[in-house]
2 protein chains.
Amino acid sequence: MTPTDSEHALRGAGLRVTRPRLAVLDVVAERPHADTGTVLDGVRALLPAVSHQAVYDCLGALTDAGLLRRIQPAGSAARYELRVGDNHHHLVCRSCGAVTDVDCAVGHAPCLATDDAEARGFEVDEAEVIYWGRCPACSTTLRSRS
Amino acid sequence: MTPTDSEHALRGAGLRVTRPRLAVLDVVAERPHADTGTVLDGVRALLPAVSHQAVYDCLGALTDAGLLRRIQPAGSAARYELRVGDNHHHLVCRSCGAVTDVDCAVGHAPCLATDDAEARGFEVDEAEVIYWGRCPACSTTLRSRS
DNA sequence: GCCACTGTCTTGACTCGTTCAAGAAAGCGC
DNA sequence: GCGCTTTCTTGAACGAGTCAAGACAGTGGC
């Protein structure tokens with residue numbers, strides 16, 4: 001995402017274009033699945049004077065606007081990624097917490113066949129799938145230790 | 001789950017049978033998807049002198065032992081449910097946070113077809129699906145207000 | 001039934017992610 | 001430029017969850 005792209009995206013979403021917001025988009029583009037602390041550090045590398053509150057506000061605003069997607073696996077701080085074509089889910093490593101993208105297994109709008117849910121009056125707008133397991137690095141570490 | 005069932009379950013898992021643990025199982029059985037605070041309140045209704053730490057320990061021990069399942073939707077405290085037959089997922093209401101069970105859409109081990117993931121050396125042991133939307137109560141409230 | 005061992009609970013303090021509030025600063029449309 | 005409105009800064013607070021040390025209670029062996 002170039003600076004100009006980010007600007008267009010912000011304007012398109014009806015948001016003001018500010019330095020902190022551009023920096024947040026930049027950092028998230030660079031480091032997908034960055035948690036809040038990482039985003040904060042990254043933003044401060046670009047704009048040293050930014051407050052943590054501004055970063056929280058930006059992340060919230062960008063998420064509400066649909067430019068970012070927020071994921072929050074159990075036991076970890078919130079993580080963010082650019083909302084792209086969006087047909088993927090996440091693998092989370094139980095031991096190191098690393099997050100990886102996986103293409104959707106089914107192909108499109110996976111697992112949204114919730115007839116059961118909608119029959120009961122629940123309006124479903126998103127299905128979030130998290131695969132839990134061990135990443136290659138952690139599973140070899142564990143094996144070699146035993 | 002009767003007291004005796006709980007005892008058997010605890011012994012079967014190699015855990016000591018203690019009052020706080022029985023109370024935790026009791027509360028979770030009564031109120032599925034209870035969050036930590038609710039569990040704490042419920043346990044204290046049975047055993048007023050129990051510390052919050054004991055409840056955390058119990059929840060952790062029971063979860064490790066596979067007697068409870070922990071779910072943690074973004075923006076909410078950890079929630080617990082009895083680990084039963086286990087082929088269901090969860091609906092979470094974006095406005096009130098209520099959690100409801102849904103039968104698995106696909107039928108069995110849904111979305112576990114992560115060839116993509118396992119090809120990359122990731123060992124997947126669980127797929128967690130969360131459907132986000134609005135529960136009947138919240139969606140009618142919103143509609144009537146507008 | 002009693003004892004000792006080990007796992008569990010109590011107490012109290014603490015960390016860290018996140019949110020709240022009030023005022024200053026900076027975008028944006030005119 | 002000017003003024004309005006949103007956004008950012010500053011500083012404090014909240015709450016879920018964790019850590020540590022010692023007291024207590026289940027459990028298995030005698």
Side-chain angles (χ1 to χ4, degrees), chain A residues 3-4 6-25 27 33-44 46-65 67-68 70-80 97 99, chain B residues 3-4 6-25 27 33-44 46-65 67-68 70-80 97 99:
Chain A
T4 321
S6 304
E7 272 196 49
H8 285 351
L10 285 170
R11 286 187 211 282
L15 293 173
R16 288 190 183 166
V17 178
T18 68
R19 237 82 87 63
R21 288 180 178 178
L22 293 173
V24 166
L25 284 173
V27 170
H33 312 131
D35 62 26
T36 329
T38 309
V39 174
L40 188 52
D41 290 348
V43 169
R44 284 196 172 142
L46 302 171
L47 303 171
V50 176
S51 63
H52 74 146
Q53 187 63 359
V55 172
Y56 274 98
D57 282 356
C58 291
L59 288 170
L62 295 171
T63 304
D64 285 348
L67 298 178
L68 294 184
R70 176 181 183 150
I71 53 181
Q72 193 166 4
S76 133
R79 290 164 178 274
Y80 295 85
V99 178
Chain B
T4 322
S6 305
E7 273 196 47
H8 285 351
L10 285 170
R11 286 188 210 284
L15 294 172
R16 288 190 184 167
V17 178
T18 67
R19 243 77 86 67
R21 288 179 179 180
L22 293 174
V24 166
L25 284 173
V27 170
H33 312 132
D35 63 26
T36 328
T38 308
V39 174
L40 188 52
D41 290 347
V43 169
R44 285 197 170 141
L46 303 171
L47 303 170
V50 176
S51 63
H52 75 147
Q53 187 63 359
V55 172
Y56 274 100
D57 282 355
C58 291
L59 288 170
L62 294 171
T63 304
D64 286 348
L67 298 179
L68 292 184
R70 176 180 181 151
I71 52 181
Q72 192 166 4
S76 133
R79 290 164 178 275
Y80 295 85
V99 178

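All values derive from a computational prediction rather than experimental measurement. Here is the naming used below: chain letters follow the sequence lines, and residue numbers restart at 1 for every chain.
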Restricting both atoms to N or O, compile the protein contacts to nucleotides 11-17 of chain C shorter than 3.5 Å, with distance only.
none

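Rounding to whole angstrom units, CG of residue B:Asp57 and P of C:dT10 are separated by 9 Å. Rounded to whole angstrom, the span from the CG atom of B:Leu62 across to the C1' atom of C:dG7 amounts to 14 Å. One atom, CG of A:Leu59, and another, P of C:dT19, lie 10 Å apart when rounded to the nearest Å. Rounded to whole Å, atom C1' of D:dT7 lies 14 Å from atom CG of A:Leu47. Rounding to whole angstrom units, CZ of residue A:Arg21 and P of C:dA26 are separated by 15 Å. Distance CG (A:Leu10) to P (D:dT6): 16 Å, rounded to an integer number of Å. The CG atom of A:Leu40 sits 13 Å away from the P atom of D:dT10 (whole-angstrom rounding).
Listed by first then second residue, pairs satisfying side chain to side chain donor-acceptor pair (under 3.5 Å) with a partner in residues 50-60 of chain B number zero, not counting sequence neighbours. Within the structure, no pair that satisfies the salt bridge (charged side-chain N to carboxylate O under 4.0 Å, His left out) test touches residues 12-24 of chain B, not counting sequence neighbours.
Remark: A:Ser76 pairs with A:Arg79 by the side-chain hydrogen bond (donor to acceptor under 3.5 Å, both in side chains) rule, at least two apart or across chains. In terms of the salt bridge (Lys or Arg N to Asp or Glu O under 4.0 Å) criterion, residue partners of A:Arg11 (sequence neighbours excluded) are, by chain and number, A:Glu7. Contacts of B:Thr38 classified as side-chain hydrogen bond (donor to acceptor under 3.5 Å, both in side chains), with partners at least two apart in sequence or in another chain: B:Asp35.
Pairing each heavy atom of B:Ala65 with each of B:Leu15, the nearest pair is CB-CD1, 3.8 Å.
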Seminar exercise, completed: For nucleotides 24-30 of chain D, 5' to 3', base contacts (B), sugar-phosphate-only contacts (S) and non-contacts (-) with protein non-hydrogen atoms under 4.0 Å give -BBS---

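Taking five base pairs at each end of the helix from C:dG1-D:dC30 to C:dC30-D:dG1, the local helix axes there meet at an angle of 50°, rounded to 10°.
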For this session: Report the C-alpha separation of B:Thr18 and B:Leu10 in whole Å, then their side-chain angles, then the decisive distance to 0.1 Å, and conclude whether the side chain to side chain contact (heavy atoms under 4.5 Å, CB included) test is met.
Result: CA-CA 9 Å; B:Thr18 67; B:Leu10 285 170; over 6 Å; no

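Contact check for B:Leu40 versus B:Val27: no side-chain heavy atoms found under the 4.5 Å cut-off.
Here the CZ-OG1 distance, from B:Arg70 to B:Thr36, works out to 7.0 Å after rounding to the nearest 0.5 Å. Summarising the geometry, atom CG belonging to A:Leu22 is positioned 10.0 Å from atom CG belonging to A:Leu46; distances are rounded to the nearest 0.5 Å. To the nearest 0.5 angstrom, B:Leu59 atom CG is 11.0 Å from B:Asp64 atom CG.
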